[in-house]
Amino acid sequence: MPAYVIAHLQEAAPHPEIVEYIERIPATFEPYSGRFLVHATQHEVKEGSWPGHVVMIGFPGVAEARAWWDSPAYREIAPLRSRHIEGDIILVEGVPEGYEPTGVAKAMREALPADEPRKLPTGWDRPLGQAVRPSFG
């Protein structure tokens with residue numbers, strides 16, 4: 001399944017190290033078949049607030065995304081960004097081709113007590129790379 005590195009980066013003043021980071025990061029993707037999916041584009045906030053920028057990098061799977069993040073080539077350039085831009089970065093596993101959420105919704109509905117407050121299923125915090133098989137209870 002595909003995996004994505006998603007960054008929500010705050011506004012930052014231009015800096016030569018940020019320019020160098022942007023120039024060097026594409027080469028770090030190559031061994032892991034990664035590529036930018038979203039970068040240096042405008043976004044439109046539909047709910048809530050989202051100051052700053054969105055960056056999304058796609059990989060064939062979680063193993064490749066982790067290997068890229070931990071690679072010497074990326075670890076070498078990461079401080080060029082992190083010294084100047086604050087933000088949050090996550091690694092998230094995608095869903096398989098043809099994913100249909102109605103099975104999850106059905107299991108959640110069946111687990112809902114008729115007269116008690118509804119609660120989310122457990123199991124959504126599973127380690128990346130494991131199949132989604134939430135338990136309800």
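Computed from heavy atoms alone, side chains included, the values below leave out hydrogens, waters and symmetry copies. Numbering of residues begins at 1 and proceeds along the displayed sequence.
Annotation: side chain of R81 is not in contact with side chain of I25 (no heavy-atom distance under 4.5 Å). With a 4.5 Å cut-off on side-chain heavy atoms, H53 and E11 count as touching. Looking at heavy atoms from C-beta onward, I90 lies out of side-chain contact with D88 at the 4.5 angstrom threshold.
Heavy-atom neighbours of E86 CD from other residues, nucleotides or ligands within 6.0 Å: at or below the threshold of 12. Counting non-hydrogen atoms of other residues, nucleotides and ligands closer than 6.0 Å to CZ of R35 gives a total of 12 or fewer.
Rounding to the nearest 0.5 angstrom, the gap separating the OG1 atom in T28 from the CD1 atom in I57 is 7.5 Å. Rounding to the nearest 0.5 Å places CD of E20 at 5.0 Å from CG of L80. We find the OG-CD distance between S71 and E64 to be 13.0 Å, quoted to the nearest 0.5 Å.
The two residues A7 and I89 have their closest heavy-atom pair at CB-CG1, 3.7 Å. Minimum heavy-atom separation, I85 to Q10: CG2-O, 3.5 Å. Shortest non-hydrogen contact noted between S49 and P51 is C-CD, 3.7 Å. Contact detail for G58 and Y4: the closest heavy-atom pair is CA-CD2, 3.9 Å. Considering every non-hydrogen atom in both L91 and A65, the closest pair reads CD1-CB, 3.6 Å. Nearest heavy atoms, P26 versus E23: CD-O, 3.6 Å.
By the rule that hydrophobic residues join a cluster once side-chain heavy atoms approach within less than 4.5 Å of another member, Y21 and V19 end up as members of separate clusters.
Applying the ring-ring contact (aromatic ring centres under 6.0 Å, His included) test to pairs two or more places apart or on separate chains, those with a residue in residues 73-93 are H15-H84, W68-Y74, W69-Y74.
E110 contributes no side-chain N or O that, together with a main-chain N or O of A107, makes up a donor-acceptor pair within less than 3.5 Å.
Ring pair H8/W50 is tilted by interplanar angle, where 30° to 60° counts as tilted.
Take H39 and apply the side chain to side chain donor-acceptor pair (under 3.5 Å) test, not counting sequence neighbours, and it matches no residue.
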Quick one, V38 with H43, criterion side-chain contact (heavy atoms from CB on, under 4.5 Å). Give me CA distance, side-chain angles, the key distance, then yes/no.
CA-CA 10 Å; V38 176; H43 63 273; over 6 Å; no
